[in-house]
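Quick notes on the structure that follows.
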Amino acid sequence: MSIQKSLEPTVRNGMKTLFDVEVPTVEFQETRKEFDGDITVVVFPFLRFTKGNPFEIATKLGEYLKESVEEISDFNVVKGFLNLVISDIYYLNSFSKIYKNSNYGITKPELEDKSVMVEYSSPNTNKPLHLGHIRNNLLGYSVAEIIAASGKKVYKTQIINDRGIHICKSMLAWERFSNGETPESTGLKGDKLVGNYYVKFDQEYKKEIEELIKDGVNEKEAKKNAPILQEAQNMLRKWESGDEKVVTLWKTMNQWVYDGFDKSYKELGVNFDINYYESNTYLLGKDVVAEGLEKGVFFKKEDGSVWIDLTDEGLDEKIVLRADGTAVYITQDIGTAIQRIKDYADINSMVYTVGNEQDYHFKVLFLILKKLGYKWAQNLYHLSYGMVDLPSGKMKSREGTVVDADDLMIEMTNTARDISQELGKLEAYSGEEKEKLYNTIGLGALKYYILKVDPKKRILFDPKESIDFNGNTGPFIQYTYARIQSILRKANFDYSHEIIGISLHKKEKELIKLLENFPEIIKNAAENLSPALIANYTYDLVKAYNSFYQTVPILNCENIDEKVLRIQLSKRVGDVIKTSFKLLGIDVPERM
RNA sequence: GCCCUUGUAGUUCAACGGAUAGAACAAAAGUUUCCUAAACUUUAGAUCUAGGUUCGAUUCCUAGCAAGGGUACCA
C-alpha cells in the first residue's frame with residue numbers, strides 16, 4: 001500500500017477538524033526534486049470548499065499531519081503546495097515488504113475473473129511480414145502480457161486472412177511460372193516464396209493490361225478483362241465450390257506461408273494460443289447477418305444487399321452483405337467475434353490490435369455487435385496504433401520500399417555484434433553464447449525502440465540512421481541489468497536479513513519510491529493498453545539506479561547494514577527490470 | 001465536404017489540469033589506480049497560431065494552420 005492511500009483519510013480528517021469541510025478527494029504528487037520533501041499535497045483544490053489563503057491552509061494542515069502521522073517527520077509549504085518529509089523508517093519498512101515478495105509487481109488472476117482475448121498480427125498470407133507487422137506483433141504480445149500481469153487470464157490469437165481473390169493470384173502465378181518450386185527446393189522461406197509469386201502475378205497482370213491497351217482497349221476494360229485476372233477469378237469460384245485440385249494447392253501453399261511466419265514469430269519472440277482462419281468463420285458471419293435481418297437490426301436494399309443504419313450514432317449506413325450474398329470484410333469479423341465467445345465461455349472482453357486506418361471499421365463492428373444484443377460487446381477494445389513510416393512516406397510493397405521483418409532482425413543482430421566486438425568485453429565466452437547475446441541485444445534495441453512510443457503515435461523509421469544503442473534504449477537497460485547481476489555474483493554471502501534503523505541516502509530513497517510505483521504502473525499500462533508506460537517507467541528506474549551506482553559504493557561499502565541494503569536494492573531493481581522487460585517481450589542478459 | 005488521430009529543443013520521445021515543461025541523440029566540457037565507461041556529471045536549446053474556461057492550461061473547449069488516415073459491394 002502506498003503512502004498516498006494511507007494519508008488520504010488523515011488529510012480529509014484534518015480538513016474536517018481544522019476547517020470543518022468535507023473534501024471529496026485529495027490530490028497528491030511527488031515532490032519536485034528542487035524542494036525538500038517526498039510527497040506533496042496540492043492545497044489549491046480545497047479553496048473551492050473553504051475560503052482562505054492557500055499558504056495558511058497548507059501550513060495548518062501540515063502541522064496537523066506532523067502531529068498525527070508518525071511517518072511524517074517534517075513539512076514545508078511553497079505557495080499552495082504542502083511538501084511532506086517522510087521518515088526513513090517508513091521507506092525501510094516499505095522496501096522490506098517489497099523485498100520479501102519474490103514476484104513483485106505481478107498480480108495472480110482470481111478464479112472467478114473473466115478472461116480477455118487479445119488479437120494481433122493477423123497477417124495477409126501473400127505478403128511476408130514487414131516493419132509494420134513488427135509493431136503490431138510487439139504491441140499485441142506486450143499488451144497481452146501486461147494484462148496477464150495485472151491479474152487476468154489472457155488468450156492470444158490471430159485471424160489469418162486465408163481466402164479470397166488475392167490468394168488465388170499467387171496460386172495462379174505459382175502454377176504458371178514456378179516449374180514446381182518449393183521452399184525445400186529453393187531454400188527460401190515459404191512466406192517469401194509465395195510473396196514472390198504474388199508480385200509475379202502483378203507484373204504479368206500489368207503486362208497484359210499494357211498489351212490490351214496497345215490493341216485499342218480502354219484502360220478500365222483492360223484492367224477488368226486481362227486474361228490472367230479472369231483466370232484468378234475462375235480459380236476463386238473453383239475454390240468456393242470445393243474443387244479438389246485447387247483446394248489441395250491452396251492448402252499446400254498456405255502451409256508454406258505458415259511455416260515461414262512461424263519462423264519469424266519465433267525469432268520475434270511472440271506466440272499465439274489459438275489461430276482463427278477466415279475461411280472457417282466467414283460463413284458464420286453470414287448466418288448472423290441473416291438472423292439480424294429478421295430481428296430488424298439490418299435492412300435490405302432493392303438490389304438485395306444488406307445494410308445497417310448507424311446514422312443515429314453519427315455514422316453512416318454500412319454494408320454487411322453484398323447483393324450477390326457474398327461476405328464483406330465486416331461480415332467475417334462479426335462471425336469471428338461470436339465464434340470466439342462460443343469457443344471460450346470464460347472470456348468477456350476482447351482487444352483487437354489493428355492499425356488506426358481501421359478506426360472506423362472497429363467503431364462500426366462494435367456497434368453492430370451491441371445492436372445484435374451481445375452483452376460482451378461493451379468490453380471490446382480496438383488497440384489502435386499509428387503506422388510506421390519511412391522518410392519517403394508510407395511503405396509500399398510494389399515500390400520496393402518495404403522494410404522486411406526478417407532482414408531487419410538480422411541487421412539489428414549484426415549491429416549488436418559490431419558494437420560488442422569493438423568494446424571487446426566478451427572474450428571469455430563461446431561463439432554460441434556470444435551469438436545468442438548479440439541477438440538478445442539487437443532485438444532488445446529494436447523492440448524497445450518501437451514499444452517506448454505511445455501506440456497512438458506514428459513512428460518514423462529511417463533505415464539509414466540505425467537504431468541507437470546508447471541513451472534511452474533497450475541495450476542501456478540491458479546493460480544495467482547485466483551490471484547488477486555482476487554485483488550479485490560477487491556478493492557471495494547471506495544478505496537476506498531485514499535492515500532497520502539506518503538512515504537512507506537520497507539515491508536509495510529515490511529507488512524505493514520508484515519501486516513502490518511498479519504495481520500501479522502495470523495496472524495503468526493494462527488499462528490504457530500501453531506498453532510505452534512500462535518502457536518509460538523502466539527507463540526512469542534504470543536512470544535512477546545508474547546514478548545510485550555511480551554515487552555510492554555497494555560492495556565496497558564499509559557499514560555492513562548499508563551494504564546489505566544496497567545489495568538488496570540492486571537485487572530488486574534487477575528483478576523489476578527483468579519483469580518489465582518480460583512484459584515488453586525483451587530478454588535480459590546476465591552479462592554484456 | 002464530413003469524420004478521426006497527431007502537432008513539444010536541430011532530431012527521436014516524456015509530462016492524472018499543478019511548482020522553474022523532463023529525458024535521450026546530435027553539439028560543447030569533464031569523470032577510469034574504485035562494484036562492467038553500452039555508464040555517470042555539467043553546459044546550451046522547445047509547447048503550431050488566435051481566442052476561451054480555470055487560482056493555475058502542453059493537457060480541456062472553439063476557430064484556424066500543418067501532417068497522416070478514414071469516408072468503397074477492398075481487406
Side-chain angles (χ1 to χ4, degrees), chain A residues 27-29 31-35 40 42-45 47-48 54 78-81 83 122 124 161 164-166 278 301 303-307 314-316 318-330 332-333 354-361 363 384-387 389 393-394 416 419-420 422-423 425 441 445 449 452-454 456-462 465 467-480 482-491 524 532-533 535-536 539-540 542-543 545-557 563 566-567 570 591-592:
Chain A
E27 192 179 321
F28 290 98
Q29 60 183 273
T31 305
R32 291 192 142 245
K33 55 177 179 284
E34 58 266 40
F35 301 105
T40 297
V42 187
V43 175
F44 292 112
L47 296 176
R48 232 169 280 159
V78 182
K79 292 189 263 182
F81 298 94
N83 301 324
S122 303
N124 178 328
N161 179 0
I165 184 79
H166 53 286
E278 192 189 317
K301 290 198 174 174
D303 65 356
S305 56
V306 180
W307 296 70
L315 305 174
D316 301 323
K318 189 83 191 167
I319 189 160
V320 292
L321 207 62
R322 291 192 187 99
D324 64 4
T326 55
V328 291
Y329 177 42
I330 205 157
Q332 151 231 319
D333 269 359
V354 184
N356 62 10
E357 65 213 348
Q358 295 196 34
D359 285 355
Y360 186 74
H361 171 79
K363 243 190 223 171
S384 163
Y385 62 91
M387 296 287 107
D389 291 323
K394 226 182 157 174
I419 293 174
S420 229
E422 210 170 292
L423 291 170
K425 290 188 197 172
I441 299 170
Y449 176 84
K452 76 171 179 185
V453 182
D454 185 323
K456 281 201 298 289
K457 292 195 176 172
R458 46 193 285 249
I459 292 183
L460 189 76
F461 179 81
D462 190 344
E465 285 181 37
I467 291 173
D468 268 323
F469 281 64
N470 295 321
N472 186 358
T473 67
F476 168 82
I477 293 168
Q478 289 172 324
Y479 173 71
T480 303
R483 213 155 58 161
I484 290 173
Q485 298 319 302
S486 167
I487 284 194
L488 296 178
R489 279 192 295 272
K490 286 178 182 156
N524 257 331
L533 297 179
N536 290 333
Y539 177 68
D540 288 341
V542 163
K543 196 83 186 124
Y545 182 83
N546 280 341
S547 182
F548 159 81
Y549 178 94
Q550 211 83 214
T551 313
V552 303
I554 300 170
L555 292 172
N556 300 331
C557 183
K563 178 169 162 180
R566 285 172 189 177
I567 294 171
S570 302
R591 37 193 122 214
M592 69 186 271

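Quick caveat, the model's predicted, so the values are computed rather than measured. All chains are named by letter (A, B, ...) in the order of the sequence lines, taking the proteins before the strands, and each is independently numbered beginning at 1.
Distance Asn470(A) CG to U36(B) P: 19 Å, rounded to the nearest Å. With rounding to whole Å, Lys425(A) atom NZ is found 8 Å from A39(B) atom C1'. Rounded to whole angstrom, the span from the OH atom of Tyr360(A) across to the P atom of U71(B) amounts to 8 Å. Summarising the geometry, the separation between CD on Glu357(A) and P on A67(B) is reported as 20 Å, rounded to the nearest angstrom. Tyr545(A) places its OH atom 15 Å from the C1' atom of A37(B), with the value rounded to the nearest Å. Regarding Ile484(A), its CD1 atom lies at a distance of 12 Å from the C1' atom of C35(B), rounded to whole Å. Rounded to whole angstrom, the span from the CG atom of Asn536(A) across to the C1' atom of A24(B) amounts to 11 Å. Rounded to a whole Å, the CG atom of Asn472(A) is 15 Å from the C1' atom of A26(B).
Taking the ring centroids of Tyr545(A) and Phe548(A), they lie under the 6.0 Å cut-off.
Of the listed nucleotides (C55(B), G18(B), C35(B)), G18(B) has the atom at the smallest distance from the side chain of Glu27(A). Closest contact between the side chain of Phe35(A) and the listed nucleotides A37(B), A19(B), C35(B) involves A19(B). When distances run from any side-chain atom of Lys33(A) to the nucleotides A23(B), A19(B), C35(B), the shortest one goes to A23(B). Nearest to the side-chain atoms of Leu423(A) among the listed nucleotides A19(B), A38(B), A14(B) stands A38(B). For Asp468(A), taking side-chain heavy atoms from C-beta onward, the closest of the listed nucleotides C74(B), C25(B), A19(B) is C25(B). Considering only the side chain of Tyr329(A), A75(B) comes nearest among A19(B), A75(B), G69(B). The side chain of Val453(A) lies closest to A14(B), out of U71(B), G18(B), A14(B). Closest to the side chain of Asn546(A), from the set A38(B), A39(B), U36(B), is A39(B). The side chain of Val42(A) sits closest to G18(B) out of G18(B), A75(B), U71(B).
Across the P atoms, U41(B) and A24(B) are found 8 Å apart, a figure rounded to whole Å. Between A44(B) and A28(B), the two C1' atoms lie 8 Å apart (nearest whole Å). Spacing of P atoms, A14(B) relative to C4(B), comes out at 23 Å, to the nearest Å. As rounded to the nearest Å, A29(B) and U54(B) have C1' atoms that lie 44 Å from one another. With both ends at atom P, the span from G22(B) to G45(B) equals 13 Å, rounded to whole Å. Nucleotides A23(B) and U6(B) have their P atoms positioned 25 Å apart, rounded to a whole Å. Taking atom P on both U5(B) and C61(B), the two are 10 Å apart, rounded to the nearest angstrom. The separation of G68(B) from U12(B), taken at their P atoms, amounts to 15 Å, rounded to a whole angstrom.
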What pairs of nitrogen or oxygen atoms, one from the protein and one from nucleotides 31-34 of chain B, lie under 3.5 Å apart?
unit_1: C34(B); atom_1: O2'; unit_2: Asn556(A); atom_2: ND2; d: 3.1

Listing time: all N or O pairs from protein to nucleotides 5-11 of chain B that are below 3.5 Å?
unit_1: G7(B); atom_1: OP1; unit_2: Lys457(A); atom_2: NZ; d: 3.4

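No hydrogens or angles were tested; on distance alone, nothing pairs the side chain of Thr480(A) with the base of A39(B) as donor and acceptor under 3.5 Å. Evaluation of atom-type donor-acceptor distances gives no pair under 3.5 Å for the side chain of Thr473(A) against the base of A24(B). Applying the 3.5 Å distance criterion, the base of C16(B) shares no donor-acceptor pair with the side chain of Gln29(A).
OP1 or OP2 of C74(B) lies within a sub-4.0 Å distance of a side-chain N or O belonging to Arg322(A).
A 4.5 Å side-chain heavy-atom check between Phe81(A) and Gln29(A) finds at least one atom pair inside the cut-off.
The glycosidic torsion of U33(B) lies more than 90° away from 0, placing the base in the anti range.
Of the residues near RNA chain B, Trp307(A) and Leu555(A), the one whose nearest nucleotide (by heavy atom distance) lies more toward the 5' end is Leu555(A).
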> How does RNA chain B look in dot-bracket notation if pairs are Watson-Crick or G-U with both distances under 3.5 Å, crossing ones as [ ], other-strand ones as |?
Replying inline: (((((((..((((....[...)))).(((((.......)))))....(((((..]....))))))))))))....

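In this structure, the aromatic ring of Tyr479(A) is not positioned over the six-membered ring of the base of A39(B) within 5.5 Å between centres and 30° between planes.
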>> Walk me through whether Asn546(A) and Thr480(A) qualify under side chain to side chain donor-acceptor pair (under 3.5 Å).
In response: CA-CA 7 Å; Asn546(A) 280 341; Thr480(A) 303; 3.2 Å; yes

